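Not measured: the values here are computed from a predicted model.
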Amino acid sequence: MPERNHKKNSNQINQQPLADFKVGVDNVIFSVDTAQNRLLVLLIMRQQEPFLNYWSLPGTLVRQGESLEDAAYRIMAEKIKVNNLYLEQLYTFGGPNRDPREKMDSYGVRYLSVSYFALVRFEEAELIADKVAGIAWYPVKQIPQLAFDHNEIISYGHGRLKNKLEYSPVAFDVLPETFTLNDLYQLYTTVLGENFSDYSNFRARLLKLGFLCDTGIKVSRGAGRPASLYKFDAAAFAPFKDKPLVFI
């Protein structure tokens with residue numbers, strides 16, 4: 001009996017019409033406000049239905065003849081100016097009914113979202129307000145209910161960011177050219193949480209890896225001892241590239 005039901009269900013599925021898709025891209029743009037130790041994500045206010053006046057990720061539907069990556073860069077260029085912009089494809093979200101327009105479309109069109117992930121330097125990022133009534137950096141810990149499934153997309157992107165901090169030198173793209181070890185530690189705690197590692201173990205681990213270069217310059221901040229300024233040495237990091245290296 002179970003086998004017969006299984007065959008019946010399979011036949012029913014095979015008889016369903018093929019889905020017709022529209023494809024969009026949504027960009028999860030993170031930044032770290034190192035002055036206030038906040039992980040931020042860029043949100044925009046929607047100016048049309050569905051989800052009128054809801055915050056959402058910067059996104060767009062893909063145009064004819066346009067690649068997914070070009071669409072992602074296009075929407076980035078319309079919302080933010082930043083040097084050395086890097087986008088990485090994150091995930092494709094395509095569950096049924098993720099977009100209310102699917103129910104309104106008599107042709108049964110499904111809406112896919114191919115999400116992209118970016119981490120930009122907060123001090124250098126310039127938001128573009130033209131044609132956008134609402135655009136803002138939101139602390140990840142204070143994100144409101146967003147349009148569509150964008151809360152889920154941000155959560156997935158946050159997980160990817162944590163992984164990249166542990167296995168890649170992406171943190172050095174966010175920090176200034178020279179930084180103290182405490183600056184670096186604060187960035188990691190902002191993204192990963194305060195309990196990921198104690199400072200002494202973090203410091204010993206990174207210095208042992210050998211791709212932080214002591215500039216010989218010290219900086220005084222507050223009443224404590226002057227701290228050494230370091231630079232990321234890309235050449236020294238080269239042997240570790242594409243290897244399962246755990247930074248922390």
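- The two residues Val191 and Leu39 come nearest to each other via the heavy atoms CG2-CD1, 4.1 Å.
- Between Gln186 and Thr189, some side-chain heavy-atom pair lies under the 4.5 Å cut-off.
- Classified by interplanar angle (parallel below 30°, tilted 30° to 60°, perpendicular above 60°), the ring pair Phe232/Phe237 is tilted.
- For residues 29-53, every residue pair satisfying the ring pair (Phe, Tyr, Trp, His ring centres under 6.0 Å) rule, not counting sequence neighbours, is listed here: Phe51-Tyr54, Phe51-Phe148.
- In the hydrophobic clustering of this structure, Met45 does not group with Ile75; members are Ile, Leu, Val, Met, Phe, Trp, Tyr whose side-chain heavy atoms approach within less than 4.5 Å, directly or through other members.
- The CD atom of Gln47 lies 7.5 Å from the CG atom of Leu52; values are rounded to the nearest 0.5 Å.
- Going from atom CZ of Phe117 over to atom CD1 of Ile153 covers 14.0 Å, rounded to the nearest 0.5 Å.
- The one candidate from Ile29, Leu42, Ile154, Asn27 that meets the side chain to side chain contact (heavy atoms under 4.5 Å, CB included) condition with Leu57 is Ile154.
- Side-chain atoms of Ser228 and Lys218 form a donor-acceptor pair, as typed in the model, at a separation below 3.5 Å.
- For the pair Val28 and His150, the minimum side-chain heavy-atom distance is 4.5 Å or more.
- A donor-acceptor pair under 3.5 Å is formed between the side chain of Asn151 and the backbone N or O of Leu146.
- Side chains of Glu177 and Lys231 form a contact here, defined as non-hydrogen atoms less than 4.5 Å apart.
- Scanning both residues, Tyr138 and Ile143, for their nearest heavy atoms gives CD2-CA, 4.4 Å.
- Applying the side chain to side chain donor-acceptor pair (under 3.5 Å) test between Ser113 and each of Asp26, Asp99, Asp149 identifies Asp26 as the sole match.
- Taking the six-membered ring wherever Trp is involved, the centroid distance between the rings of Tyr73 and Tyr116 does not fall below 6.0 Å.
- Linking ILVMFWY residues whenever their side-chain heavy atoms come closer than 4.5 Å, directly or via other members, leaves Leu207 and Ile217 in distinct clusters.
- Applying the ring pair (Phe, Tyr, Trp, His ring centres under 6.0 Å) rule to Tyr199 yields the partners Tyr185; only residues at least two apart in sequence or on another chain are considered.
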Requested in this report: Might you work through the side-chain contact (heavy atoms from CB on, under 4.5 Å) test for Tyr188 and Leu165, ending with a clear yes or no?
Outcome: CA-CA 7 Å; Tyr188 272 83; Leu165 278 181; 3.9 Å; yes
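- Thr60 and Arg74 form a side-chain donor-acceptor contact under 3.5 Å, judged by distance and modelled atom types alone.
- Under the 4.0 Å criterion applied to side-chain N and carboxylate O atoms, Glu49 and Arg101 are not assigned as salt-bridge partners.
- The main-chain N or O of Leu175 is found under 3.5 Å from a side-chain atom of Arg121 such that the two form a donor-acceptor pair.
- Judged purely by atom type and a 3.5 angstrom limit, Glu66 uses its side chain to pair as donor or acceptor with the backbone of Arg63.
- Open room surrounds CG on Asn195; 12 or fewer heavy atoms of other groups in view lie less than 6.0 Å from it.
- Legend: residues meeting ring pair (Phe, Tyr, Trp, His ring centres under 6.0 Å) with Tyr91, ordered by chain and number and at least two apart, are Phe93, Tyr156.
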Requested in this report: Test salt bridge (charged side-chain N to carboxylate O under 4.0 Å, His left out) on Lys164 and Glu88 and set out the steps.
Outcome: CA-CA 11 Å; Lys164 289 191 73 70; Glu88 173 184 313; 3.1 Å; yes
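- In terms of heavy-atom proximity, Leu184 sits nearest to Leu212 at CD2-CD1, 4.3 Å.
- Leu90 and Arg160 get closest at one heavy-atom pair: O-NH2, 3.0 Å.
- No single ILVMFWY cluster, assembled from side-chain heavy atoms under 4.5 Å apart, contains both Val219 and Leu181.
- Judged purely by distance below 3.5 Å, without hydrogens or angles, the side chains of Asn182 and Thr180 never pair a donor atom with an acceptor atom.
- Of all non-hydrogen atoms in Gly94 and Leu112, the two that sit nearest each other are CA-CD2, 3.4 Å.
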Query raised in the report: Which is it for Leu127 and Lys79 under the side-chain contact (heavy atoms from CB on, under 4.5 Å) test, yes or no, and what are the steps along the way?
Result: CA-CA 6 Å; Leu127 302 185; Lys79 301 295 185 286; over 6 Å; no
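- Under a hydrophobic clustering in which Ile, Leu, Val, Met, Phe, Trp and Tyr are joined whenever their side-chain heavy atoms come within less than 4.5 Å, directly or via other members, Phe21 and Val25 fall into the same cluster.
- For Arg203, the CZ atom is loosely surrounded, since the number of other residues' heavy atoms within 6.0 Å does not exceed 12.
- Between Val140 and His158 there is a side-chain heavy-atom pair separated by less than 4.5 Å.
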Requested in this report: Begin from the C-alpha positions of Phe179 and Leu229 and carry the test side-chain contact (heavy atoms from CB on, under 4.5 Å) through to its verdict.
Outcome: CA-CA 5 Å; Phe179 50 86; Leu229 287 176; 5.6 Å; no
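- The shortest non-hydrogen separation linking Val120 to Ala125 is CG2-CB, 4.2 Å.
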Query - Trace of the side-chain contact (heavy atoms from CB on, under 4.5 Å) decision for Leu43 with Ile135 - result: CA-CA 6 Å; Leu43 299 179; Ile135 181 169; over 6 Å; no
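- Atoms OH and CG, from Tyr230 and Asp183 in turn, are 12.0 Å apart once rounded to the nearest 0.5 Å.
- In this structure, Leu40 CG and Asp33 CG are separated by 5.5 Å, a value rounded to the nearest 0.5 Å.
- In this structure, Phe240 has its ring center closer than 6.0 angstrom to the ring center of Phe211.
- Two residues are said to be in side-chain contact when any heavy atoms from C-beta on lie closer than 4.5 Å; Ile128 and Glu78 fail this criterion.
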